[in-house]
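The next block holds one structure in the form of structure tokens; read it before the comments.
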Amino acid sequence: MIPMLVVLAVVAVLVATVVSAYNRLVRARNNVDNAWAQIDVQLRRRYDLIPNLVETVKGYAAHERATLEAVVAARSQAIGAQGPEERAAAENLLSGALKSLFAVAEAYPDLKASAGFAELQEELATTENRIAYSRQYYNDAVLTYNNAIQTVPANLVAGMTGFTPREYFQAPGEERGPVQVGF
């Protein structure tokens, strides 16, 4: 009778360990998915602001069509991007196009002084900060998740139940280098 109780206790501990590890992995995976969704929320906010910004600039700088078209095209590409790597590349292209748009604004003092443009620019800056925070949070969630699926004993459960590592949201190589400032 005692050997059977010992075997049952060991089996119960093993089952509890597996269930606990599985539940921890599910929570970590869901946290990564939620973090990705939060990035998407902030990017949607950015996408919604861009048409208003473009329309405001159009009124002042009608002949800067190429810059405006580049912003619209980059926005479309970013909206259609899938996965962290493709999304990062598209978002960086959009950021570059927006920088060009703001450079155009510098050439038009009336536009720069426009309350509507200033408000949109402030909203976009706030959104960019939120996007940066969301990306950081996503990468932290991915780190926690990837660590969870690669450490013992959870790695055994992860391997049996199909948990796979997730990609980090990374800036391309040229954006990691030092910023060049010229006078």
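What you see is a predicted model; the values in this text were computed from it and never measured. Index from 1, following the sequence.
- Closest approach of Pro165 and Gln150 over heavy atoms only: CG-NE2, 4.2 Å.
- Under a hydrophobic-cluster definition in which Ile, Leu, Val, Met, Phe, Trp and Tyr are linked whenever side-chain heavy atoms come within less than 4.5 Å, directly or via other members, Val54 and Ile79 are assigned to the same cluster.
- Nearest heavy-atom pair, Gln170 versus Ala88, reported as atom, atom and distance to 0.1 Å: O-CB, 3.2 Å.
- Val15 meets the side chain to side chain contact (heavy atoms under 4.5 Å, CB included) test with Val11, Val19; sequence neighbours excluded.
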request  = In sequence, state the C-alpha distance, the side-chain angles, and the governing distance for Thr17 and Val13, and then conclude on side-chain contact (heavy atoms from CB on, under 4.5 Å).
outcome  = CA-CA 6 Å; Thr17 301; Val13 167; 4.2 Å; yes
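- Linking Ile, Leu, Val, Met, Phe, Trp and Tyr residues whenever their side-chain heavy atoms come within less than 4.5 Å places Phe163 and Leu143 in a single cluster.
- In the hydrophobic clustering of this structure, Val72 groups with Leu101; members are Ile, Leu, Val, Met, Phe, Trp, Tyr whose side-chain heavy atoms approach within less than 4.5 Å, directly or through other members.
- In the hydrophobic clustering of this structure, Tyr47 does not group with Val41; members are Ile, Leu, Val, Met, Phe, Trp, Tyr whose side-chain heavy atoms approach within less than 4.5 Å, directly or through other members.
- Side-chain contact between Ile149 and Thr164: absent, with no pair of heavy atoms (C-beta onward) separated by less than 4.5 Å.
- Among all heavy-atom pairs drawn from Val32 and Tyr145, the shortest one is CG2-CB, 3.5 Å.
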message = Between Leu93 and Gln77, does the side-chain contact (heavy atoms from CB on, under 4.5 Å) criterion hold? Intermediate values first, please.
response = CA-CA 9 Å; Leu93 181 66; Gln77 184 177 352; 3.0 Å; yes
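- Put simply, CE on Met160 and CG on Asn155 are 9.5 Å apart, with the number rounded to the nearest 0.5 Å.
- In this structure, the side chain of Arg87 does not engage the main chain of Gln82 through any donor-acceptor pair within 3.5 Å.
- Proximity of a side-chain donor or acceptor of Tyr22 to a complementary backbone N or O of Ala158 within less than 3.5 Å is not detected.
- Enclosure of atom CD in Glu85 is not indicated, since only 12 or fewer non-hydrogen atoms of other residues, nucleotides or ligands lie within 6.0 angstrom.
- If you take CD on Glu91 and CG on Leu98, they are separated by 9.5 Å, rounding to the nearest 0.5 Å.
- Taking OG1 from Thr144 and CZ from Arg24, the interatomic distance works out to 11.5 Å, rounded to the nearest 0.5 Å.
- No side-chain donor-acceptor contact under 3.5 Å links Asn31 to the backbone of Ala141.
- Rounded to the nearest 0.5 Å, atoms CD (Gln136) and CD1 (Ile39) are 11.0 Å apart.
- When every heavy atom of Ala148 is checked against every heavy atom of Ala154, the shortest pair comes out as O-CB, 3.2 Å.
- Taking both residues in full, the closest heavy atoms of Val71 and Ala97 are given as CG2-O, 3.4 Å, listed atom of the first, atom of the second, then distance.
- Residues Phe102 and Gln121 are in side-chain contact: their nearest non-hydrogen atoms beyond the backbone lie under 4.5 Å apart.
- Under the 4.5 Å side-chain criterion, counting only non-hydrogen atoms from C-beta, Arg29 is not in contact with Leu25.
- Leu68 contributes atom CG, which lies 12.0 Å from atom CD1 of Ile50 (distance to the nearest 0.5 angstrom).
- Residues Arg135 and Asp140 are not paired through a salt bridge, judged by the lack of any N-O separation under 4.0 Å between the basic side chain and the carboxylate.
- From Gln38, atom CD reaches atom OG of Ser134 across 6.5 Å, with rounding to the nearest 0.5 Å.
- When ring centroids are compared, Tyr138 and Tyr168 stay outside the 6.0 Å threshold.
- Residue Ser95 comes nearest to Glu128 through the heavy atom pair OG-OE1, 4.3 Å, listed as atom of the first residue, atom of the second, then distance.
- Checked options Arg45, Arg46, Glu122; the residue passing with Thr127 is Arg45 (criterion: side chain to side chain donor-acceptor pair (under 3.5 Å)).
- In this structure, Asn146 contributes its side chain and Arg166 its backbone to a donor-acceptor pair below 3.5 Å.
- Val26 and Trp36 fall within the same hydrophobic cluster, where Ile, Leu, Val, Met, Phe, Trp and Tyr residues are linked whenever their side-chain heavy atoms come under 4.5 Å apart, directly or through other members.
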